[in-house]
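Structure first, commentary second.
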Amino acid sequence: MSEGDSIGDSVHGKPSVVFRFFSRLGQIYQSFLDKSTPYTAVRWVMTLGLSAIYMIRVYILQGWYIVTYAMGIYHLNLFIAFLSPKVDPSLMEDSDEGPSLPTKQNEEFRPFIRRLPEFKFWHSATKGVVVAMGCTFFDAFNVPVFWPILVMYFIMLFCITMKRQIKHMIKYRYIPFTHGKRKYKGKEEPTSGKPFSS
């Protein structure tokens with residue numbers, strides 16, 4: 001392989017300035033994501049605030065309804081993946097391979113493992129809002145449409161999708177939220193002798 005053949009290499013074999021810039025930018029971005037991981041509530045408040053700014057912008061500009069509809073559909077798909085188990089119980093019905101959800105009270109505790117973890121859900125939702133916000137700066141995405149039809153269609157789609165998801169949860173008896181393993185108290189020891197007094 002000759003010098004300069006690999007991606008990001010300059011003629012002399014050193015990484016180019018552009019490659020180093022984007023590499024460093026990616027490292028800073030990843031560092032920010034890593035530091036924000038434990039602050040779930042703060043992350044979601046920031047995303048909701050960004051969504052509110054987006055909605056205000058769309059309301060003031062009176063346009064980009066199709067972009068808003070596409071963002072809503074994208075967020076609905078993320079939400080369904082967030083509520084779904086990683087391994088679909090309907091596919092695991094016939095085979096005994098892999099972990100399964102507990103179906104009886106006395107079975108071993110297995111935490112709910114999501115198809116889309118919370119952090120990835122937040123990250124994708126935030127990126128969706130940022131992309132939608134970026135689209136509002138270009139008139140090419142301002143397709144004229146009668147927005148009440150989009151709102152009604154989105155509400156119908158949301159209700160149908162959630163109804164199907166709730167039926168799936170009831171059929172395979174799982175709840176998409178785990179609060180930890182149930183703790184049992186042992187027998188209380190009877191107090192013998194005189195009680196402790198100071």
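Atom set for the values below is all heavy atoms of this structure, side chains included, hydrogens, waters and symmetry mates excluded. In this chain, numbering begins with 1 at the start of the sequence shown.
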Euclidean distance, Met71 CE relative to Phe154 CZ, rounded to 0.5 Å
9.0 Å
Side-chain (Arg114) to main-chain (Phe82) donor-acceptor, under 3.5 angstrom
yes
Going only through I, L, V, M, F, W and Y residues with side-chain contacts under 4.5 Å, is there a path from Met46 to Val129?
no
Return the set of residues passing ring-ring contact (aromatic ring centres under 6.0 Å, His included) with Tyr29 (not counting sequence neighbours), or none when no residue passes.
His123
Here the pair of heavy atoms bringing Gly63 nearest to Val58 is O-CG1, 3.2 Å
Counting C-beta onward and ignoring hydrogens, is there a side-chain heavy-atom pair between Gln27 and Ser31 closer than 4.5 Å?
no
Determine yes or no for a side-chain-to-main-chain donor-acceptor pair under 3.5 angstrom, with Thr136 supplying the side chain and Met133 the backbone.
yes
Heavy atoms, side chains only, cut-off 4.5 Å: are Phe141 and Ile66 in contact?
no
Any side-chain heavy-atom pair of Ser16 and Phe21 under 4.5 Å
no
Would the distance check show the side chain of Thr126 and the main-chain N or O of Trp122 forming a donor-acceptor pair, the cut-off being under 3.5 Å?
yes
Between Lys163 and Ile166, does the side-chain contact (heavy atoms from CB on, under 4.5 Å) criterion hold? Intermediate values first, please.
CA-CA 5 Å; Lys163 180 180 176 185; Ile166 290 169; 6.0 Å; no
Going hydrophobic residue to hydrophobic residue with side-chain gaps under 4.5 angstrom, can you get from Leu48 over to Tyr74?
no
dist Ile160:CD1 -> Gln165:CD (nearest 0.5 Å) comes out at 14.5 Å
Please answer: with hydrophobic residues joined when any side-chain heavy atoms are less than 4.5 Å apart, are Ile149 and Tyr65 in the same cluster?
no
Test item: Arg43 side-chain N/O and Ser36 main-chain N/O as donor-acceptor pair under 3.5 Å
yes
Joint cluster assignment, Val131 & Val143, ILVMFWY side-chain distance < 4.5 Å
no
Do we get Arg57 above Phe137's six-membered ring, with its NZ or CZ under 6.0 Å from the centre and within 45° of the axis?
yes
Side chains of Phe79 and Met162: does their closest heavy-atom pair fall under 4.5 Å?
yes
Leu61-Tyr54 co-clustered via ILVMFWY side chain contacts under 4.5 Å:
yes
Should we say atom CZ of Phe22 is surrounded by more than 12 heavy atoms from elsewhere, each under 6.0 Å from it?
no
Tyr172 side chain reached by His168 side chain, heavy atoms, under 4.5 Å:
yes
Measure the spacing between NZ of Lys120 and NZ of Lys127 and express it to the nearest 0.5 Å.
10.0 Å
Point-to-point distance, once rounded to the nearest 0.5 Å, from OG1 of Thr68 to CD1 of Ile73:
12.0 Å
Quick check on Trp44: does its CH2 atom have over 12 non-hydrogen neighbours (other residues, nucleotides or ligands) under 6.0 Å away?
yes
Reported CG-to-CG distance for the pair Leu157 and Asn77, which is rounded to 0.5 angstrom:
8.0 Å
Where Leu78 and Ala125 come nearest, the two heavy atoms and their spacing:
CD1-N, 3.6 Å
Gap separating the NZ atom of Lys167 from the CZ atom of Arg164, nearest 0.5 angstrom:
11.0 Å
Flag, side chain of Trp64 to backbone of Phe138, donor-acceptor distance under 3.5 Å:
yes
Are any of the side-chain heavy atoms of Tyr153 and Tyr69 separated by less than 4.5 Å?
yes
